[in-house]
Amino acid sequence: MQIDVLTIFPEMLQGYLEQSMMKRASEMGAVTFNYINPRDFTTDVHHCTDDRPYGGGPGMVMKPEPLFAAIESIRRPESRVIYLSPQGHPFKQARAEALVNSAHLILLCGHYEGVDERVIETLVDEEISIGDYVLTNGALAAAVVIDAVVRLIPGVLGGGADATAQESFSSGILDHPHYTRPVEFRGMQVPEVLLSGNHAAINAWRLQQATKKTQRVRPDLL
Ligand code: 9D3
């Protein structure tokens with residue numbers, strides 16, 4: 001899988017994508033990350049990527065010319081162009097599971113107030129938001145989407161073929177509590193059932209705990 005990120009602040013993403021699991025994924029050849037700076041596709045002397053909004057109002061808007069030039073220079077028939085913006089579809093695990101089947105993702109990070117609407121109408125296949133809160137720009141959102149997708153590429157996550165099969169959100173509810181040694185810590189005990197060796201009882205307890213937690217914190221999932 002190839003992932004090209006269009007951003008005027010590539011360093012914001014590089015720091016994250018060059019560590020840990022994302023680094024491992026690119027080292028094993030499961031994914032290739034490229035960074036494309038729209039500034040490199042400007043033709044004016046000051047290399048302007050933004051301009052004032054028609055109709056007035058605060059902030060600046062990313063100009064269409066550098067974004068069209070940048071995207072048209074890298075896009076192929078199999079490319080999927082995703083624009084990260086607060087106006088996008090809320091990002092869910094199901095989208096990550098669908099996107100992992102793409103050969104080429106182009107992630108366009110919003111900066112300033114957003115991008116010229118003609119870019120969205122003409123070049124963007126899908127607009128994604130990572131949640132209902134306000135970020136300063138789309139770079140962190142791109143890192144979130146990339147992380148969620150790349151860890152699903154077979155072999156990237158350690159722990160065998162179905163390491164992602166048992167996890168929270170795949171089952172539709174939150175995870176159960178976890179314990180490790182010591183069996184008593186500052187007077188707090190590990191629940192007896194987990195020491196029993198009775199796997200049917202352990203699974204029943206975990207499902208009950210997960211359901212209670214989901215009811216309490218995320219009733220919308222039930
Ligand atoms: C006043 C209107 N604001 C839109 C809600 C302006 C605005 C705020 C923040 C415009 C851009 C941004 C920068 N955010 C993103 O680019 C972004 C984002 C986000 O802020 N929240 C959740 N998901 C995303 S994806 C990209």
Side-chain angles (χ1 to χ4, degrees), residues 1-19 21-22 25 31 33-42 47-71 74-75 79-102 104-152 168-169 174 217-218 220-221:
M1 168 181 275
Q2 182 184 339
I3 302 181
D4 294 345
V5 189
L6 271 103
T7 171
I8 55 172
F9 300 124
E11 297 86 358
M12 282 188 156
L13 275 135
Q14 273 165 325
Y16 187 84
L17 297 180
E18 286 169 11
Q19 310 286 323
M21 214 60 103
M22 298 302 107
V31 66
F33 298 124
N34 295 307
Y35 305 92
I36 296 99
N37 193 334
R39 193 167 291 278
D40 297 335
F41 291 84
T42 54
H47 302 289
C48 272
T49 56
D50 62 323
D51 204 342
R52 297 158 69 195
Y54 276 118
M60 300 290 272
V61 177
M62 291 185 84
K63 293 169 65 59
E65 302 96 320
L67 295 178
F68 268 78
I71 292 171
I74 57 174
R75 95 182 284 177
S79 306
R80 188 153 187 88
V81 180
I82 298 171
Y83 172 45
L84 287 313
S85 101
Q87 284 72 50
H89 294 277
F91 187 58
K92 298 280 163 60
Q93 186 64 19
R95 279 315 300 152
E97 284 165 12
L99 291 174
V100 76
N101 298 311
S102 310
H104 186 205
L105 297 179
I106 298 174
L107 301 192
L108 169 59
C109 302
H111 294 279
Y112 316 114
E113 283 303 298
V115 309
D116 188 286
E117 189 67 19
R118 291 165 290 191
V119 172
I120 302 170
E121 284 172 353
T122 310
L123 298 175
V124 170
D125 295 309
E126 176 173 357
E127 197 172 347
I128 292 179
S129 159
I130 62 161
D132 296 337
Y133 34 78
V134 183
L135 304 171
T136 54
N137 64 67
L140 184 59
V144 167
V145 170
I146 290 168
D147 188 291
V149 171
V150 169
R151 68 184 286 284
L152 294 176
S168 173
F169 292 116
L174 301 183
V217 228
R218 294 295 304 276
D220 57 300
L221 294 178

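Note that the numbering runs from 1 along the sequence shown for the chain. Each ligand, and each atom within it, is numbered from 1 in the order the structure gives.
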Inset, instruction - Using distance alone, determine whether Gly138 and ligand 1 share an N or O pair under 3.5 Å. - result: yes

Inset, instruction - For atom CZ of Arg52, decide whether the heavy atoms of other residues, nucleotides or ligands shown that lie under 6.0 angstrom number more than 12. - result: no

Legend entry - Neighbour count above 12 (heavy atom, 6.0 Å) for Phe68 CZ: yes

Starting at [atom1] of [X], measure out to [atom2] of [Y] and round the result to the nearest 0.5 Å.
| X | Y | atom1 | atom2 | value |
| --- | --- | --- | --- | --- |
| Leu140 | Met12 | CG | CE | 8.5 Å |
| Ile74 | His104 | CD1 | NE2 | 5.5 Å |
| Glu11 | Tyr35 | CD | OH | 10.0 Å |
| Leu6 | Phe41 | CG | CZ | 7.5 Å |

Inset, instruction - Answer with side chain, backbone, both or neither: which part of Asp132 has a heavy atom less than 4.0 angstrom from an atom of ligand 1? - result: neither

Legend entry - Mode of Ala141 contact toward ligand 1 - side chain, backbone, both, neither (heavy atoms, under 4.0 Å): side chain

Legend entry - Sequence-distant partners of Asp220, side-chain hydrogen bond (donor to acceptor under 3.5 Å, both in side chains), two or more places apart: Arg218

Starting from [atom], find the nearest protein heavy-atom neighbour and note its residue, name and distance.
| atom | result |
| --- | --- |
| atom 23 (N) of ligand 1 | Ile130 N, 3.0 Å |
| atom 13 (C) of ligand 1 | Leu135 O, 3.3 Å |
| atom 22 (C) of ligand 1 | Gly131 O, 3.1 Å |
| atom 4 (C) of ligand 1 | Gln87 NE2, 3.9 Å |
| atom 17 (C) of ligand 1 | Pro86 CD, 3.7 Å |
| atom 8 (C) of ligand 1 | Val134 CG1, 3.6 Å |
| atom 10 (C) of ligand 1 | Glu113 O, 3.5 Å |

Ligand 1 atoms in contact with [X] (distance to a heavy atom under 4.0 Å):
| X | answer |
| --- | --- |
| Leu84 | 25 (S), 26 (C) |
| Tyr133 | 19 (C), 20 (O), 21 (N), 22 (C) |
| Thr136 | 13 (C) |

Legend entry - Any Ser85 heavy atom less than 4.0 Å from ligand 1: yes

Inset, instruction - With the side chain counted from C-beta on, respond yes when Val150 and Ile3 share a heavy-atom pair under 4.5 Å apart, and no when they do not. - result: yes

Legend entry - Beyond-backbone contact of His111 with Thr49, side-chain heavy atoms, under 4.5 angstrom: no

Output a table of donor-acceptor pairs, distance under 3.5 Å, between side-chain atoms of residues 119-129 and any protein atom two or more places apart or on a different chain; print 'none' if there are none.
residue: Thr122; atom: OG1; partner: Arg118; partner atom: O; Å: 2.8
residue: Asp125; atom: OD2; partner: Val81; partner atom: N; Å: 2.8
residue: Glu126; atom: OE1; partner: Arg80; partner atom: NE; Å: 2.8
residue: Glu126; atom: OE1; partner: Arg80; partner atom: NH2; Å: 3.0
residue: Glu126; atom: OE1; partner: Arg95; partner atom: NH2; Å: 3.0
residue: Glu126; atom: OE2; partner: Arg95; partner atom: NE; Å: 2.8
residue: Glu126; atom: OE2; partner: Arg95; partner atom: NH2; Å: 3.0
residue: Glu127; atom: OE2; partner: Ser85; partner atom: OG; Å: 2.6
residue: Ser129; atom: OG; partner: Gly131; partner atom: N; Å: 3.1
residue: Ser129; atom: OG; partner: Gly131; partner atom: O; Å: 3.3

Legend entry - Closest to atom 11 (C) of ligand 1 (judged by heavy-atom distance), picking from Phe91, Tyr83, Tyr112: Tyr112

